[in-house]
Chemist: 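Dropping a structure here in structure tokens format, bear with me for questions.
All heavy atoms count here, side chains included; hydrogens, waters and symmetry mates do not. The structure displayed is predicted, hence computed values, not measured ones. Proteins get letters first, then strands, A, B, ... in listed order; numbering begins at 1 in each.
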Amino acid sequence: MYKLDNLFARLTVAGLAVLSIQVAYAQNTQGSVKFPGIGRNATPAEVMAWDIDVRPDFKGLPKGSGSVEQGQAIWESKCASCHGVFGESNEIFTPIAGGTTADDVKTGRVASLADRKQPQRTTLMKVPTVSTLWDYIYRAMPWNAPRSLTPDDTYALVAFILSLGEIVPDDFVLSNTNIADVQKKMPNRNGMTRNHGFWSVNGKPDVNGSSCMTNCVKFVQIGSTLPDFARNAHGNIAEQNRLYGPYRGSDSTKPPIDKLPGSSAEGLAHAADTHAATTKGPAALFKNENCSACHAPNAKLVGPSIADIAAKYKGQSGAQEKLMAKVKNGGSGVWGAIPMPPQSQLSDEDRATLVRWVLTGQ
Amino acid sequence: MTKKQIELSAEDISAVEKPANRARLVKAPEHFISQELIADINSNGLDETRRGFLRKGFLSAIGGAAAGLAAPMAFAAGEGDPAILEKQEWQTTLGKNVATMPYGVPSIYEANLIRRESPGLTRVSAASVAFTPLQGLFGTITPNGLHFERHHQGWYNLNPETHRLMVNGMVKNARVFTMNDLMRLPSVSRTHFIECGANTGLEWGNVAVPTVQYTHGMLSCCEFTGVPLKVLLEECGADLKKGKFLLAEGGDGSGMTRTINLESCLDDTIVAWSMNGEMLRPENGFPLRLVVPGVQGVSWVKWLRRLEVGDMPWNAKDEAVHYIELMPDGMHRQYASIQECKSVITTPSGGQQLLDKGFYNVSGMAWSGRGKIRRVDVSFDGGNNWRTARLETPVLTKSITRFNIDWVWDGSPAILQSRAVDDTGYIQPSIKVLRDLRGNRSIYHNNAIQSWKLDSNGEVSNVQVG
């Protein structure tokens, strides 16, 4: 029996090999003259599978439609955890909506880009074309599960975003037939220029420096320095340089030294005891797995703070298991309307470590 | 692993070296054998007891040598430097076997020079930046493990066996290539810099970060190997008369798409699989990335899986929402691609500490997206007077050129600057010249002259002049 199976397997493999060689040969003869045997023609299905880009003239846009209402439902379950319920969140990425007016829709120029009344530039303040929103959402969203939306989902989400900017009304249905008309209402559709020298390597630069060599400035004025409190904002700089050699790093955990260390570096008391600090353990895991995007130690961000979670579950039996399941499967309703997306990428071990750390700080 | 080793060695050092013993000459091994023992061995030969005495003396001598590593160089007059007078561990014991580290890692003493994120720059590390430690690099080539990282949706280790490159759009035949196919084609190897359009972008408004790693570290330079884009497009029968633009698409979750202006990039763009002689690193696009010399890094699409020839720009998300420059009148400059001529002094640079007055080799990097570096001038007085630096060869087009200049520091405060000129005659501008035209909300394409202030205590800090 074993022998028969083995023989059958061999025959099958051989058969497939012959078949695939024939296919490859047939395709190779279709194109390559200069480099015979290299590459093959793409099948129509292959091109269709990958050629998903949508241009400003809507070449590549699939048929479909979606309403603002449908978009809102998808948004709240898949997008709000990062972008806020109204696309206003500035916690993880810059806000999607805000900063545009009915007047901007008329002029095609977002006034607050020039008058600086908005502290933050939102997506709708910048993006000149609807095609851009459609293309990006379809190809890359949701952030942790790209390519999981259907064309109709995408139409609905774009419609919802446009309604947040009051570019379309709340009862609007966006479709492949009316999308070009909507593009004519984009608030910043006239806000982009290619009239500059950076587009082409042969372009003309907009500025040029001075070639002055002596007595070039009357007096040297320092316009900006790092404030003293920022001295250690990037960690200990001593640990980010060689511990030997003529250029050491300053110990930014301490105030500047009084005098030169001396050519033997004797005056750098810290030199021997500064060495690269490793970040390991649950705190590093928390950061590296992007939990810190939504949760902070003591402040509410998109999600509750670590301190609040620990307080809520303090003394509860089975809290560890309960929270581990929540982290794995996601959850909603405990801390507000914004759901926590499932974190299925985490190993059981890492989940256990993270939850223990959240609950006990250890 | 290497970090742990460093910690251990530091512990070892502190265990054998009490502060009071610092700078004291430690006895050489032979001094640990008493005259009595030598006489004893000479007359009676070695036995286990006598071997034990020897071994003990030898081990404490090794401890002394380790202490010498961290001790300052000061020593009593007439004696000498322990680093010379004492036998070192590596002179007196057997070293490690060949291929103990089959791919090799840097010395444990180099563990501080690593890619680093700037705290608070982004909230999510999968869409963030890790900066190259320019303050510790030499020459022009970036080691592969230190090449800066910028991802839009995290990186993956793509399987090269199932990776495909599709060429479609305005071509006679839409074609598919495997890595096996591509690596059989005629290849070129060229050295080019890659710089993120946002490099130094944090400093448009004011000084924001302390070191050259964070001000300029979205910059790397490598020898890339791959097939010229032109070869592939011609192979597919691309219509290069009507098809003036190319869409490059990545195979990652963001499906990163960028419009390439074929008119100016067709001749030197490479579809590359190798960086500095090895395959691309996963975090730099393994197994395939686009190399678009002179053009901002975001266009060097990583994990490249598709090239589409077209007759208009695509206005992709990163061409319409990011990588656009806000001008004072509220207009955005779109498709600002070219990285203009720029330079920076890397040693000494912000956050560093000079040890003493006297001679220094001041060194830095210069590069231009439009061609070769022609000259670099250096000022030590905040831009009042300038001296021309030495350019080290090779001076390659759209590549980093290393410059050096001799300097004797007299111990008084100084402001160091470098100013590069490329072979189009373009001179690197001051931040004031840039701001006067573009305002301070641009984020991208800040190629201003960098100023480093040196205080009389030897500490260097990041400042802006004017």
Side-chain angles (χ1 to χ4, degrees), chain A residues 31 38-42 47 50-51 55-56 92 113-114 123 126-127 129 132 136 139-140 146 191-194 196 198-201 205 207-209 211 213-214 216-217 220 222-226 234 237 239-240 247-250 256-257 260-266 272 275-276 278 290 293, chain B residues 3 6 10 70 72-73 111-112 123-124 136 166 168 173-177 181 184 206-207 210 253-255 264 294 306 314-315 317 320-321 329-338 347-348 351-353 355-356 370 382-386 426-429 433 437 457-459 463-466:
Chain A
I38 306 287
R40 61 171 179 81
N41 283 359
V47 175
W50 273 14
D51 188 2
R55 305 197 308 190
I92 297 166
L113 288 173
T123 298
K126 294 186 280 187
V127 66
T129 42
T132 305
Y136 186 67
R139 77 169 54 245
M192 298 278 182
T193 175
R194 259 188 274 159
H196 56 75
F198 292 91
W199 178 219
S200 158
V201 76
V207 297
N208 214 342
S211 58
M213 293 298 282
T214 51
C216 304
V217 282
V220 176
I222 292 179
S224 175
T225 59
L226 276 182
H234 283 68
I237 305 300
E239 295 173 353
Q240 303 177 23
Y247 303 109
R248 310 288 173 97
S250 307
I257 53 178
L260 286 171
S263 57
S264 65
E266 205 175 350
H275 45 82
T278 48
N290 290 320
Chain B
K3 283 172 191 163
I6 276 222
M73 251 183 34
N112 287 354
R123 294 295 294 276
V124 189
M166 183 186 288
N168 71 319
N173 298 308
R175 286 180 75 76
V176 173
F177 300 91
D181 289 330
R184 283 166 67 181
N206 47 255
V207 168
S254 76
S264 59
R306 195 165 67 88
W314 272 262
N315 215 38
K317 187 265 277 177
V321 179
D329 65 355
M331 284 295 277
H332 280 109
R333 281 183 177 172
Q334 197 177 18
Y335 300 107
S337 302
I338 304 299
T347 48
Q352 288 190 328
Q353 173 74 56
L355 301 180
D356 210 347
R370 295 194 199 265
N384 196 27
N385 296 287
W386 299 80
Y426 178 90
I427 306 163
Q428 187 183 0
V433 165
L437 188 83
N457 64 356
E459 195 169 285
V463 299
Q464 285 183 351
V465 168

Chemist: Checking heavy atoms, do the side chain of B:Q428, its backbone, both or neither come under 4.5 Å from chain A?
Modeler: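 Contact with chain A is through the backbone of B:Q428 alone.
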Chemist: Show the nearest heavy-atom pair for residues B:N206 and A:S224, with the distance to one decimal.
Modeler: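 Here B:N206 and A:S224 meet closest at CB-OG, 3.3 Å.
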Chemist: With chain B, which of A:G223, A:P146, A:P205 has the greatest number of heavy-atom pairs at distances under 4.5 Å?
Modeler: A:P205
Chemist: Roughly how far, to the nearest 0.5 Å, is CD of B:Q334 from CH2 of A:W199?
Modeler: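 So the gap between those two atoms works out to 8.5 Å.
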Chemist: Looking at residues at least two apart in the chain, or sitting in another chain, which of them share a ring pair (Phe, Tyr, Trp, His ring centres under 6.0 Å) with A:Y136?
Modeler: none
Chemist: Under the 3.5 angstrom rule, does the side chain of A:N208 hit a backbone N or O of B:I427 as a donor-acceptor pair?
Modeler: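 Yes: the side chain of A:N208 pairs with the backbone of B:I427.
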Chemist: Looking at A:T225, A:T193, A:I222, which has the largest count of heavy-atom pairs under 4.5 Å with chain B?
Modeler: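 The option with the most such pairs is A:T193.
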Chemist: Rounded to the nearest 0.5 Å, how far apart are CZ of B:R306 and CH2 of A:W50?
Modeler: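 Taking CZ in B:R306 and CH2 in A:W50, the distance rounds to 9.0 Å.
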Chemist: Would you mind telling me which of B:E459, B:H332, B:Q464 has the largest number of heavy-atom pairs within less than 4.5 Å of chain A?
Modeler: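 Ranked by contacts with chain A, first place is B:H332.
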Chemist: Any idea which of B:G383, B:G294, B:S254, B:G253 has the most non-hydrogen atom pairs under 4.5 angstrom with chain A?
Modeler: B:G253
Chemist: With rounding to the nearest 0.5 angstrom, report the NE2 to CE distance, A:H196 to B:M331.
Modeler: 10.0 Å
Chemist: So, using side-chain contact (heavy atoms from CB on, under 4.5 Å) as the criterion, who are the partners of A:I237 when residues are at least two apart?
Modeler: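 A:I237 satisfies side-chain contact (heavy atoms from CB on, under 4.5 Å) with A:H234, A:Q240, A:N241, A:S252, B:P210, B:T211 once adjacent residues are dropped.
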Chemist: Just verifying a value: how many Å separate A:T214 OG1 and B:N385 CG, rounded to the nearest 0.5 Å?
Modeler: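 A:T214 OG1 to B:N385 CG: 6.0 Å, rounded to 0.5 Å.
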Chemist: Counting heavy-atom pairs closer than 4.5 Å to chain A, which one of B:Y335, B:F177, B:Y426 comes out on top?
Modeler: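 Result: the option with the highest number of such pairs is B:Y335.
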Chemist: Tell me, for B:N168 versus chain A, whether the close heavy atoms (under 4.5 Å) come from the side chain, the backbone, both or neither.
Modeler: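 The side chain, not the backbone.
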Chemist: Is there a donor-acceptor contact under 3.5 Å from the side chain of B:N315 to the main chain of A:T132?
Modeler: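 Looks like no, no N/O pair under 3.5 Å.
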Chemist: Do A:Y247 and B:P348 come close enough that some side-chain heavy atom pair is under 4.5 Å?
Modeler: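 Yes, at least one pair of side-chain atoms sits under 4.5 Å.
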Chemist: Is there a donor-acceptor pair closer than 3.5 Å between any side-chain N or O of B:R333 and the backbone N or O of A:F198?
Modeler: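 Side chain of B:R333 to backbone of A:F198: no pair is present.
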